[in-house]
Structures are given as structure tokens and as C-alpha cells.
Number of protein chains: 2
Amino acid sequence: MQATPRREKARAATIDEIKLTALRLMREQGTVDFRFADIARAMEMTPPALYRYFADRDELLSALIADAYNDLGEVVAQARDAVATDDVGGRFMAVSRAYRQWARKEPQQFALILGLPVAGYHAPVDGPTTEAAKRAMSQLSSLFMEAHTLGVLGPPRLRDVHPAIAACAEQKHQQTGVPVSAETFQAMLHAWSTLHGFAALEAFGHFDWIDEAGRDALFDGHARLAAETAGLPAPRES
Amino acid sequence: MQATPRREKARAATIDEIKLTALRLMREQGTVDFRFADIARAMEMTPPALYRYFADRDELLSALIADAYNDLGEVVAQARDAVATDDVGGRFMAVSRAYRQWARKEPQQFALILGLPVAGYHAPVDGPTTEAAKRAMSQLSSLFMEAHTLGVLGPPRLRDVHPAIAACAEQKHQQTGVPVSAETFQAMLHAWSTLHGFAALEAFGHFDWIDEAGRDALFDGHARLAAETAGLPAPRES
DNA sequence: CACTTCTGTAACGATGCTTAACGCAACGGT
DNA sequence: ACCGTTGCGTTAAGCATCGTTACAGAAGTG
């Protein structure tokens, strides 16, 4: 606990290795489950040694979930910030591609946070996971906010906004403090759902029958349509 | 095997009860995993007795997956057939609502077939599951075929169709024998992905912060946008 | 009564998570 | 250079459970 930076560093490295190994094993067997003993074996350690780093199997799982949220959030944020602030359409495309690529690359982490809960795990209420979740998911909504303040957010192709949705947006407004119109609220959720559907189907192997080039082109068109439908301006360049 | 209808009936009932119990347990614990012993306990039987009905844990799992595909396919087909043949837009809305409602009602079965594979299970290649999968998934595409033959399939809001997608549609044409334009192919996948995204996010609890009325309204607008974007005509009535 | 089908008991082998007690190595100060 | 402290990893064991097989008895069928 006191200043022993060498120890702390080694410990952090081991923790990272444990988490990485868990992810690798999950990836290898294609599931979102892992065994404490397997991780130890893969690291050429013995199972009890892991308890020096994680009090519990659930604690490791919680850490993995929190990391997944942070990873996704970071990847998305980086993609967003690589495009000019005023090119909202371009930013949306970048965010969309990052979301999809991350889901493709890390299907297990993707399933961990956006799929069905893992067996025997109960998320700690109000823990770090929910916090990270909000942070990651607010990226998309903030994009719509930016578009709104920039005045480039065209009207989404919506017939009418149901009063229940308006009430929902209002509630969200109360919680976050940021004013959000019902149309924007609905457009954002539409865009997220649309993106997520493609990413999830692809990440879980349901588009395996389409070759890679086709999938890439399909997703680009998919995201473009989502942006257009949600009322976002077209990206500046392809 | 020989004509003993009484036995056969009881046996079928027991098989059904086993599968229903497995689904109930999965639902209760909110996962897509189950234990043979738990099923036996819940049925007030002993684990070995189950082997009289399923040679293997995997065999039960395969049956559940096949059932899930059939369930989804049947529900969707019924919803589709409840709307007039020439009201393609209305049929699409019916199919969409059925897809979503099924995912909501049976998140476990939904995850079973459209989520990440279950731990320790390897799908038998070319078994009944893949067959059922194709049958269920072809419902949406057949809807677009109908629209195409009826001549009511408007142009989807697509800029241009990538050659890779055209090649993919052509390959699909070769396999199924049904001619499908690249635009229709892309529009169909766009619609499916869009629907699936909402259904998956909601089924896995990520829309729990939206009240039920709001979700209902959101989905209706979502599906309507998906239909419009894909070039399907508007439904005849709300 | 003969025969089939089912179900329970017992047991095997393996594996899992977790705790306790022991040895080793590195670290920090003297 | 030495020594106590600290943390890490191992071995050993406890405890529970799982999937599965073998065998014997019960129940239903004709």
C-alpha cells in the first residue's frame, strides 16, 4: 500500500495478464464463460494464486465488464475525435464504424455488455459497471446534441412523435440536465438500434455467409441510411 | 417404436415437459445455460432418467435451438398471414412486431439462436438446426420477393450498390434459384438488421429505463422507418 | 403371465471454487 | 551486507456438483 512502485507495477501487469487471458480463453471457445482454473492453467499458475488478485470469480467478471465498457467507450471516442467537430455526419460514420469494428474484433466483450447476462452473475447495483455503461452510451447522444447546437440536425423522417416518447425524453432531460427534444431522442435511439442490429448479427456469426468485402459495403450503406433517416447531415467525404 | 399410442403420447409429453422445464429454468436465472440435474430436480425426477429421452446434454440443447427456430418462424408466419397478401407494408409491420414480441417474451430462446453460442456446444453441421434457421430467416426475404413481384417495391434510399454486394446477391440467387436484385438484397438485410437491433437491445434489458408505452411507440416508429427506408410501401392502416 | 418401458439407487470420474498453511523471493532500512 | 517485513505462489485439502454409466426394481401393456 505504501509507496512501492515496483510491486504495484508488477501487480498491475499480472492483473492485466489475468484479464487478457480470460478474454483469450473466451475468444478461443467462443463463449462468454470462463473457468478460474483454466485461466490459471493458461498462465502456468495454480488456481489459488488468482485469489491474490481477485477475491472472487465475480470480481474478475465485474472487472471484465467494466473494462469492456471502457474499451468500447474509448474506441468510439477516439474515432469521433479523429473527425472535425463540425462534420457531424462524418463523426457519426466514424463512430458507427468503430462500434462495428469493436463488436467484430471482440465478440465476447460485446456480448458481455450488450448481450444476455452471464450465468450466475449479478451486477452490483450502482457499481462501476453502470457508471461506465452510461459513459459509453452517452457518446452517441452527445453527437446528436452537437448536431442540434450546430443547427445541422435536419428533421428525422418521423411521422409523429408519440406522447409517451415525449414524456420519456422529458424525463431524460430532467435526469441529465441537458435539454433534448423528443424528435432528437427518438432519432438517436433509432440510429443506435439500427447500428447495433448489424453489429450484433455480424459479431455473432449470422453474416458469415457474406464475404468480407460485401459485409463492409453493406455496413457502410447501412450506417449511411441510419444517419440520413435520423436527420443527420451527410458526411463530408466518403 | 411399434404402435403403442399410449406410450408414445406419454413419452412426447415428458419430452415436452423437459424442454419446457429447461426453458423455465433458463428464464428464471436469466441465462442461456442449464444443468441436467436442475431440470431433473425441478421435475421431481432423477438425473439419469433424463437419459431415456435425450442421449446427451447436447441433444437437449440442439432440440431447444431447433424449437426456438421453429417457434420464431411460426410466430412470424402467423403474423404475416394475418394480413392481406397485397398489403406488403402491413405484412412487414406485422412481421416486425411479431419478431420483437417474441424476443421480448422469450429472451433466452432469442439469445439461443441469435446470440453468442452456448458454452460447450457445437452445432451439428447440416443438422436440423441449420435447416430450421434457413426456414425462419427466409420469411423476411420472401416478403421482399412478394413486394417485388407485386411491383410495389419502391427504390430503397440507397446511393449506389457496391459490386461486392451485387456479387453476393448473385451468389444467393445461384443458391436459392430465386432471382433477387442487389438492391432488394441490400434493402432486406438493412431492414432485418434494423429490426433486430431494437429487438435485441430491448430483449436484453438495455431499454429498461424506458417505460413500456414509450418502447411500444418507439418500436412502431422504428419499424415504420425501416420499411420506408427499405422501399416498402406504407401499411394500409395503423 | 411375459415383455417392454421407465425410474430410482449407487457409484465413478472429473472438475469446479475456495480456504488454509507453508516456503520463497524481493524489498526497504540499517 | 544483513534482517525483518511484505507479498506472491505453491501444495494440500474441503466441499460441492456435474455428467454419465451400470444395475435392479417398479409400472404399465398386451
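In the text below, chain A, chain B and the rest are named by the order of the sequence lines, each starting its count at 1.
Closest contact between the side chain of A/D38 and the listed nucleotides C/dC17, C/dG16, D/dG9 involves C/dG16. Across C/dG8, D/dG19, D/dG9, the shortest atom-to-atom separation from the side chain of B/R35 is found for D/dG19.
Taking A/Q174 as the reference, A/E170 meet the side-chain hydrogen bond (donor to acceptor under 3.5 Å, both in side chains) condition, with sequence neighbours excluded. Residues meeting the side-chain hydrogen bond (donor to acceptor under 3.5 Å, both in side chains) test with A/W102, sequence neighbours left out: none. Take A/E146 and apply the salt bridge (Lys or Arg N to Asp or Glu O under 4.0 Å) test, not counting sequence neighbours, and it matches A/R91. For B/Q101, the side-chain hydrogen bond (donor to acceptor under 3.5 Å, both in side chains) partners are B/R104, not counting sequence neighbours.
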Identify each donor-acceptor pair in which a side-chain atom of residues 47-55 of chain A lies under 3.5 Å from a protein atom, sequence neighbours left out, and give them as a table.
none

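A cation-pi contact, defined as under 6.0 Å to the ring centre and within 45° of the axis, is absent between A/R224 and A/F92.
Remark: C1' of D/dT20 and CZ of B/R57 are 13 Å apart, rounded to the nearest angstrom. For the pair B/E59 CD and D/dT20 P, the computed distance is 11 Å after rounding to whole Å. Between the CZ atom of A/F54 and the P atom of C/dT19 there is a distance of 16 Å, given to the nearest Å. Computed from coordinates, the B/D33 CG to D/dT17 P distance equals 16 Å when rounded to whole Å. Atom pair B/Y51:OH and D/dG19:P shows a separation of 6 Å (rounding to whole Å applied). Atoms CG (A/L25) and P (C/dG16) sit 12 Å apart, rounded to a whole Å. When the C1' atom of D/dC8 is taken as reference, atom CG of A/L50 falls 12 Å away, rounded to whole Å. What separates CE of B/M45 from P of C/dT9 is a distance of 12 Å, to the nearest Å.
Taking 4.0 angstrom as the limit, B/R11 places none of its side-chain polar atoms (N or O) nearer than this to OP1 or OP2 of C/dT5. OP1 or OP2 of D/dG9 lies within a sub-4.0 Å distance of a side-chain N or O belonging to A/Y53.
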Can you pull every protein N or O that's under 3.5 Å from an N or O on nucleotides 22-28 of chain D?
unit_1	atom_1	unit_2	atom_2	d
D/dG28	N3	B/R7	NH2	3.1

* Intermediate values then yes/no, ring pair (Phe, Tyr, Trp, His ring centres under 6.0 Å), A/F219 and B/H190 -> CA-CA 9 Å; A/F219 179 78; B/H190 173 79; over 10 Å; no

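At a threshold of 4.0 angstrom between heavy atoms, the contacts of A/A49 include nucleobase atoms, whether or not backbone atoms are also involved.
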